[in-house]
Protein chains: 2
Amino acid sequence: MSAWVEKLSARGYKITPQRRIILEILGNSDRHLTAEEIGQEVRKTEPSISLATVYRNLNLLADLQIVSRLNIHDGPVRYELHGGHNHHLVCMDCGVAVKLGVCPMQGEVNRVAEENGFEVSNHHFEVLGYCRECSLKRKLQQANSTAEGGTAGDKD
Amino acid sequence: MSAWVEKLSARGYKITPQRRIILEILGNSDRHLTAEEIGQEVRKTEPSISLATVYRNLNLLADLQIVSRLNIHDGPVRYELHGGHNHHLVCMDCGVAVKLGVCPMQGEVNRVAEENGFEVSNHHFEVLGYCRECSLKRKLQQANSTAEGGTAGDKD
DNA sequence: CTCCTAATTAATAATTATTACCATTTAGGA
DNA sequence: TCCTAAATGGTAATAATTATTAATTAGGAG
Ligand SMILES: [Mn+2]
Ligand SMILES: [Mn+2]
Ligand SMILES: [Zn+2]
Ligand SMILES: [Zn+2]
């Protein structure tokens with residue numbers, strides 16, 4: 001059986017259909033999905049599943065390291081199957097995540113931590129931007145809207 | 001005058017007392033502060049300043065790279081004066097941030113990005129944990145509560 | 001210095017993301 | 001087959017942030 005069945009059972013958690021579905025969806029996706037997206041997908045199979053259940057389970061599964069969280073600035077948390085420890089190039093538009101083979105959590109960094117008596121418990125490294133497709137899309141859109149008047153409003 | 005006056009004026013933004021106060025507070029703090037914390041501090045000087053104004057300005061100032069955001073997982077966004085580009089050891093308890101002299105956004109990473117036609121626009125690298133003081137505090141607290149029964153609930 | 005207006009503000013409503021609650025159902029071991 | 005802790009669905013509640021809007025103000029033109 002899949003490793004996750006083990007991990008759950010071993011600690012007294014039950015194997016429910018909703019957990020199966022959630023994990024299946026994550027397994028079939030090559031993107032990081034938001035809880036909301038997972039909810040929508042889930043409801044295609046089993047419309048009665050509550051979004052609260054999705055959140056509840058994503059939290060549990062993350063605690064057990066069965067899925068992992070990705071914290072995009074400018075947007076809700078995204079989830080994927082936990083495939084070992086790694087970092088990503090994340091598209092801020094569509095959510096695809098290209099795996100990086102690199103982890104910056106090494107020598108230099110650990111040294112500074114020790115020097116400061118800092119107890120490291122976690123780290124994030126994410127590169128944000130736009131995947132090939134979305135990057136292209138945006139450039140076209142911008143080309144479109146090149147004739148607007150603008151004094152000084154707020155933009156990014 | 002401070003560089004930020006320049007940056008704002010240059011683009012037609014006004015120098016308001018609330019902006020002065022917000023930036024002064026950030027200038028006097030060695031911690032990353034949340035919008036809420038800044039709001040409280042701000043109201044000590046000028047009780048009428050709205051929290052919406054704090055948020056509005058932090059967003060503007062971040063866009064102009066006058067302040068920078070720090071996205072702690074498990075907690076609201078924190079802000080500091082933008083002091084060049086750098087990353088931190090961030091205490092998840094009290095929010096102090098020890099500057100790291102290292103940025104992982106280099107060769108290896110950029111290469112992967114290029115290979116994938118990925119348009120990089122930003123990155124995050126943060127090491128989370130507990131500063132010396134808070135780390136100690138927690139160890140004491142845990143030592144205290146070492147006699148609780150627990151079957152299988154959810155913990156982290 | 002006085003006016004004018006776009007920028008900004010305070011106050012508050014609205015949204016978004018996530019968690020808490022609770023009555024009911026269910027997984028899975030005895 | 002029963003029993004019970006675990007889980008669920010539905011929904012209310014909370015936390016964080018953004019939107020709206022009428023009133024105020026910074027700062028340049030005259
Ligand atoms: Mn890493
Ligand atoms: Mn960097
Ligand atoms: Zn994309
Ligand atoms: Zn601390």
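Predicted model only: the values in this text are computed from it and were never measured. Letters A, B, ... mirror the listed sequences (proteins, then strands); counts begin at 1.
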What is the distance, rounded to the nearest whole Å, between atom [atom1] of [X] and atom [atom2] of [N]?
| X | N | atom1 | atom2 | result |
| --- | --- | --- | --- | --- |
| L60(B) | dA26(D) | CG | P | 16 Å |
| R11(B) | dG27(D) | CZ | P | 17 Å |
| I21(B) | dA26(D) | CD1 | P | 12 Å |
| L61(A) | dA7(D) | CG | C1' | 13 Å |
| L58(A) | dA7(D) | CG | P | 14 Å |
| L8(A) | dT26(C) | CG | P | 19 Å |
| K14(A) | dT26(C) | NZ | C1' | 6 Å |
| L64(A) | dA7(D) | CG | P | 10 Å |

Please check the phosphate of dT8(D) (OP1 and OP2 only) for any side-chain N or O of T16(A) closer than 4.0 Å. yes
Phosphate OP1/OP2 of dT19(C): any N59(A) side-chain N/O under 4.0 Å: yes
Would you call R111(A) and E108(A) a salt bridge, taking side-chain N to carboxylate O under 4.0 Å as the test? yes
Does E133(B) pair with K137(B) as a salt bridge, N-O distance under 4.0 Å? no
Could you please name the option among dT26(C), dA6(C), dA10(C) that lies closest to any side-chain atom of Q18(B)? dA10(C)
Among dA7(D), dT17(D), dT18(C), the one nearest any side-chain atom of P76(B) is dT17(D)
Without swapping roles, check the side chain of [X] against the backbone of [Y] for a donor-acceptor pair under 3.5 Å.
| X | Y | answer |
| --- | --- | --- |
| S50(A) | A52(A) | yes |
| H87(A) | F125(A) | yes |
| R69(A) | L58(A) | no |
| K7(B) | L64(B) | yes |
| S29(A) | I25(A) | no |
| R19(B) | L61(B) | no |

Hey, what's the ring geometry for H32(A) with H88(A), parallel, tilted or perpendicular (30° and 60° as the breaks)? perpendicular
Want to settle it: does V77(B) or S9(B) sit nearer the 5' end of DNA chain D, counting the closest nucleotide to each? V77(B)
Students should find that the end-to-end axis angle of the helix from dC1(C)-dG30(D) to dA30(C)-dT1(D), with five pairs defining each axis and rounding to 10 degrees, is 30°
Selection: residues 35-56 of chain A, any non-hydrogen atom under 4.0 Å of DNA chain D: S48(A), I49(A), S50(A), A52(A), T53(A), R56(A)
